[in-house]
Visitor: 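Pasting in a structure now, in structure tokens, and then I'll have a few things to ask.
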2 protein chains.
Amino acid sequence: MSAVSTPEAKNEPSRREQLLTIAAQLFAEKGFRNTTVRDIADAAGILSGSLYHHFDSKESMVDEILSTFQEALFAQYDDILASDDNARSKLERAVRVSFEAIEEHGPEVAIYQNDADYLVTFERFGYLADRNTQSRQVWLTLLEEGVRTGALRPDLDVTLTYRFIRDTVWVAVRWYRPGGQHDHTEVADQYVRILLDGISS
Amino acid sequence: MSAVSTPEAKNEPSRREQLLTIAAQLFAEKGFRNTTVRDIADAAGILSGSLYHHFDSKESMVDEILSTFQEALFAQYDDILASDDNARSKLERAVRVSFEAIEEHGPEVAIYQNDADYLVTFERFGYLADRNTQSRQVWLTLLEEGVRTGALRPDLDVTLTYRFIRDTVWVAVRWYRPGGQHDHTEVADQYVRILLDGISS
DNA sequence: GTCTATACCCAGATAGAC
DNA sequence: GTCTATCTGGGTATAGAC
């Protein structure tokens, strides 16, 4: 009964966290709506009813998964915006942070990419729309600063560019696999190079 | 009873085609698995049982939608590969053809993007995996020709570049809306420009 | 070509025993 | 913290009347 024997004190994930990790993998693989509570319970080696001892619904599970992840991610963006690097460096850092998120939180990124449109239709997931707006602001700020300071082409359509960056960065979660041929820093390097300098000779 | 009075002879879509158009829109919006046959029937103004007079399953519907679309798309890629344009032009044309497909066959592209991973797990959709390989070949051929002829950077990682192009082009189906601020040719122009020359000044 | 009626399955969730 | 047992709703698909 000593505090030292609790999972947290031993730096082990709590049962709750274990279940969320399992659920996140399944949601990412099969989609939120196509993952059943029985799928999650099976993967955890328990019965579906037992899940409801830990969470009051499937929605609560995905909610906790996404909100926890986004809090950490946006803290990193805020750091970048607040830094006094030049525009090009900030843009590079933002790209790198995103690829790092894919490396370290692949399931969370995949769930957001695949299921946010659906989840946003429920009130409790309204924060996903807010985060979306916030993300747009981050990238637009960086791009506009780049144009203003002369680091980026003056004729750049920042809105369209924002979409291209956002899409290409996050959609990499579909093919990027940790431990594969390229690690996430290499992928980020290559992407930054294409984005800034293009592919032509 | 004269042939002239059939829908096809009047260039009107047959009932079957009408139903496929309705289904494609719903599949694209909500995903294949999350669209019910009742959704489709409701949108068509009939009851779900009546759909089975036209199609023997929901799978048959999406099968017909995807295979028809892909046949037309890959015929265009074949044209490009067979042409004697230079490497840069071919690459540009391939990008343009893809954005045009998003303009004219948005639902089909969206279904492929969202549901192909799931559908390929069934034998009858094995052709989707073949088309995927074929598409990869098209882009790799174009990129390798570009590097070989000196149009593209000699140090280019063509595999990674292929993924970036594929992802960014097709994921545009998530935000591109016909009749919006930019038409598909403008989007293609901007994308080609970023891809080839980058965004830096 | 559409409707009525229905079979059958599997989803999310709950109550209470252990 | 997990299990047993079960409710309720909604999914695909079918048979046969109109």
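Basis for what follows: all heavy atoms, side chains included, without hydrogens, waters or symmetry-related copies. Within every chain, numbering begins at 1; the chains are lettered A, B, ... in the order of the sequence lines, protein sequences first and strands thereafter.
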Visitor: Rounded to whole angstrom units, what separation is found between the CG atom of B:Leu51 and the C1' atom of D:dA15?
Guide: 16 Å

Visitor: Between B:Phe122 (CZ) and D:dT12 (P), how many Å, whole number?
Guide: 13 Å

Visitor: Report yes or no: is the cationic atom of B:Arg166 (NZ for Lys, CZ for Arg) closer than 6.0 Å to the six-membered ring centre of B:Tyr162, at no more than 45° off its axis?
Guide: yes

Visitor: Supply the atom-to-atom distance B:Leu19 CG to B:Ile65 CD1, rounded to the nearest 0.5 angstrom.
Guide: 10.0 Å

Visitor: Is there a side-chain contact between B:His53 and the phosphate of C:dG1, meaning an N or O under 4.0 Å from OP1 or OP2?
Guide: yes

Visitor: Listing time: all N or O pairs from protein to nucleotides 12-18 of chain C that are below 3.5 Å?
Guide:
unit_1 : atom_1 : unit_2  : atom_2 : d
C:dG12 : OP1    : A:Thr35 : O      : 3.3
C:dG12 : OP1    : A:Lys58 : NZ     : 2.8
C:dG12 : OP2    : A:Val37 : N      : 2.7
C:dG12 : N7     : A:Arg38 : NH2    : 3.3
C:dG12 : O6     : A:Arg38 : NH2    : 3.2
C:dA13 : OP2    : A:Tyr52 : OH     : 2.7
C:dA13 : OP2    : A:Lys58 : N      : 3.2

Visitor: Working to the nearest 0.5 Å, report the span between OG1 of A:Thr121 and CG of A:Leu128.
Guide: 10.5 Å

Visitor: Evaluate the side-chain proximity of B:Leu143 to B:Ile165: yes if any heavy-atom separation is below 4.5 Å, no if none is.
Guide: yes

Visitor: Rounded to the nearest Å, what distance is computed from the CG atom of residue B:Leu26 to the P atom of nucleotide D:dT12?
Guide: 12 Å

Visitor: What class does the angle between the rings of B:Phe32 and B:Tyr118 fall in, given that below 30° is parallel, 30 to 60° is tilted and above 60° is perpendicular?
Guide: tilted

Visitor: Return the CG to OG1 distance between B:Leu73 and B:Thr68, rounded to the nearest 0.5 Å.
Guide: 12.5 Å

Visitor: Side-chain contact, heavy-atom cut-off 4.5 Å: A:Ile80 with A:Asp85?
Guide: no

Visitor: Output the distance between atom CZ (A:Arg193) and atom OG1 (B:Thr161), rounded to the nearest 0.5 Å.
Guide: 10.5 Å

Visitor: Please report whether the ring centroid of B:His105 lies less than 6.0 Å from that of B:Phe69.
Guide: yes

Visitor: Check whether any side-chain nitrogen or oxygen of A:Arg16 sits under 4.0 Å from OP1 or OP2 of D:dG1, and answer yes or no.
Guide: no

Visitor: Hey, can you pull the residues of residues 61-68 of chain A with a non-hydrogen atom under 4.0 angstrom from DNA chain D?
Guide: none

Visitor: Applying a 4.0 Å non-hydrogen cut-off, can you work out what B:Leu47 is touching in the nucleic acid: base, sugar-phosphate, or nothing?
Guide: base

Visitor: Could you state the CG-C1' distance from B:Asp42 to D:dT12, rounded to the nearest angstrom?
Guide: 15 Å

Visitor: Just how far, in rounded Å, is P of D:dG10 from CG of B:Asn34?
Guide: 15 Å

Visitor: May I have the distance from B:Lys30 (atom NZ) to D:dG10 (atom P), rounded to whole angstrom?
Guide: 13 Å

Visitor: Could you tell me whether the phosphate oxygens of C:dT2, OP1 or OP2, come under 4.0 Å of any side-chain nitrogen or oxygen in B:His54?
Guide: yes

